[in-house]
Amino acid sequence: QQQLVSSGGGQVQPGGSLRLSCVASGLFLGDYAVGWFRRVPDNKYEGVLCIDKENKNQYVLDSVKGRFTISRDNAKNMVYLEMNDLKPEDTATYYCAADRQIPSVGSMCLYVSYDVWGQGTQVTVSS
């Protein structure tokens with residue numbers, strides 16, 4: 001079965017850093033667009049960082065530009081989210097997701113475009 005398992009969440013102080021990991025089984029992430037989403041307190045899912053399978057097109061949420069980076073390690077079948085200079089407003093449950101065929105560039109970081117999801121990992125930024 002296709003499965004993603006995320007890890008690395010926790011509590012950090014404002015200005016701190018965190019690295020989230022996502023490992024895939026039953027699929028090869030190199031053949032998939034991948035993304036990180038977060039569920040905020042109003043239950044809205046928003047795309048944070050998404051990249052296509054060729055690593056050519058990328059979406060970055062404006063509020064995390066310059067602070068967050070998405071990367072792949074195809075040899076380990078993993079994707080990462082490097083989070084720096086964390087702010088309280090980054091507090092959320094973060095989910096990794098993958099899809100083999102995104103219908104358009106404009107939809108590449110919409111949650112409805114993704115079929116395979118991790119279980120989520122909580123990130124809390126507070127003093």
Side-chain angles (χ1 to χ4, degrees):
Q1 295 295 316
Q2 295 180 329
Q3 183 174 285
L4 303 178
V5 178
S6 59
S7 61
Q11 184 181 14
V12 296
Q13 296 183 5
S17 298
L18 207 59
R19 187 196 201 195
L20 306 184
S21 299
C22 178
V23 62
S25 60
L27 61 91
F28 175 55
L29 283 178
D31 292 331
Y32 287 72
V34 296
W36 288 92
F37 296 79
R38 62 189 183 189
R39 187 185 179 202
V40 295
D42 66 354
N43 291 328
K44 179 182 177 181
Y45 292 85
E46 61 181 359
V48 179
L49 273 158
C50 299
I51 55 173
D52 62 14
K53 61 185 178 182
E54 295 86 9
N55 288 340
K56 293 182 66 177
N57 296 305
Q58 180 177 135
Y59 170 88
V60 187
L61 184 67
D62 284 343
S63 62
V64 308
K65 285 182 178 178
R67 299 190 296 119
F68 291 11
T69 304
I70 191 170
S71 62
R72 301 175 184 263
D73 186 338
N74 287 343
K76 296 181 178 180
N77 209 18
M78 296 184 70
V79 62
Y80 304 94
L81 182 65
E82 300 281 353
M83 311 167 73
N84 299 308
D85 191 24
L86 282 160
K87 305 177 184 299
E89 53 264 39
D90 296 319
T91 296
T93 303
Y94 285 74
Y95 301 84
C96 58
D99 196 89
R100 197 160 194 168
Q101 188 66 56
I102 300 297
S104 67
V105 173
S107 64
M108 70 176 295
C109 217
L110 300 177
Y111 80 96
V112 294
S113 297
Y114 289 80
D115 291 331
V116 187
W117 289 81
Q119 84 285 6
T121 184
Q122 177 66 35
V123 173
T124 302
V125 185
S126 68
S127 300

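Keep in mind that the numbers below use all heavy atoms, side chains included, and drop hydrogens, waters and symmetry copies.
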Near-ring test Phe37/Tyr114, centroid separation under 6.0 angstrom
yes
Side chain to side chain, Leu4 and Cys22, heavy atoms closer than 4.5 Å:
yes
Thr121 side chain to Gly9 backbone, donor-acceptor under 3.5 Å
yes
State whether the side chain of Gln119 and the backbone N or O of Ser6 hold a donor-acceptor pair below 3.5 Å, judged by distance alone.
yes
In the single-linkage hydrophobic clustering (I, L, V, M, F, W, Y; side-chain heavy atoms under 4.5 Å), do Tyr80 and Met83 co-cluster?
no
Gap between atom OG of Ser113 and atom CD1 of Ile102 - 0.5 Å precision
5.0 Å
Phe28 side chain reached by Asn74 side chain, heavy atoms, under 4.5 Å:
yes
Salt bridge between Asp90 and Lys87, side-chain N to carboxylate O under 4.0 Å?
no
Determine, using the 4.5 Å side-chain heavy-atom cutoff (strictly less than), whether Val23 and Trp117 are members of one ILVMFWY cluster.
no
Residue Tyr59 excluded, over 12 heavy atoms near OH under 6.0 Å
yes
Do any pairs count as a side-chain hydrogen bond (donor to acceptor under 3.5 Å, both in side chains) and have a residue in residues 21-37, sequence neighbours left out, and if so which ones?
Gln2-Tyr32
Between Tyr111 and Val105, is there shared hydrophobic-cluster membership here, with clusters defined by ILVMFWY side-chain heavy atoms closer than 4.5 Å?
yes
For the student: nearest non-hydrogen atoms of Val34 and Ala98, plus distance:
CG1-CB, 4.3 Å
Could you verify whether a donor N or O on one side chain and an acceptor N or O on the other, from Asn84 and Ser17, lie under 3.5 Å apart?
yes
Does any part of the side chain of Ser126, heavy atoms only, come nearer than 4.5 Å to the side chain of Pro88, both counted from C-beta?
no
Are the side chain of Thr93 and the backbone of Gly120 linked by a donor-acceptor contact shorter than 3.5 Å?
no
So does Leu29 get a backbone contact from the side chain of Arg72, meaning a donor-acceptor N/O pair under 3.5 Å?
yes
Could you tell me whether the side chain of Thr91 reaches within less than 4.5 Å of the side chain of Val123, counting heavy atoms only?
no
Keeping the roles fixed (side chain from Arg67, backbone from Asp85), state whether a donor-acceptor pair exists under 3.5 Å.
yes
Are Met78 and Leu81 linked, directly or through intermediate hydrophobic residues, by side-chain heavy-atom contacts shorter than 4.5 Å (ILVMFWY only)?
no
Is a donor on one side and an acceptor on the other found under 3.5 Å between the side chain of Asp73 and the backbone of Val79?
no
Counting only pairs under 3.5 Å, give me each side-chain donor-acceptor contact of residues 46-53, with atom names and distances, residues two or more places apart or in other chains.
unit_1	atom_1	unit_2	atom_2	d
Glu46	OE2	Arg38	NE	2.6
Glu46	OE2	Arg38	NH2	3.2
Asp52	OD1	Glu54	N	3.4
Asp52	OD1	Asn55	N	2.9
Asp52	OD1	Lys56	N	2.8
Asp52	OD1	Asn57	N	3.3
Asp52	OD2	Asn57	N	3.2
Asp52	OD2	Asn57	ND2	3.0

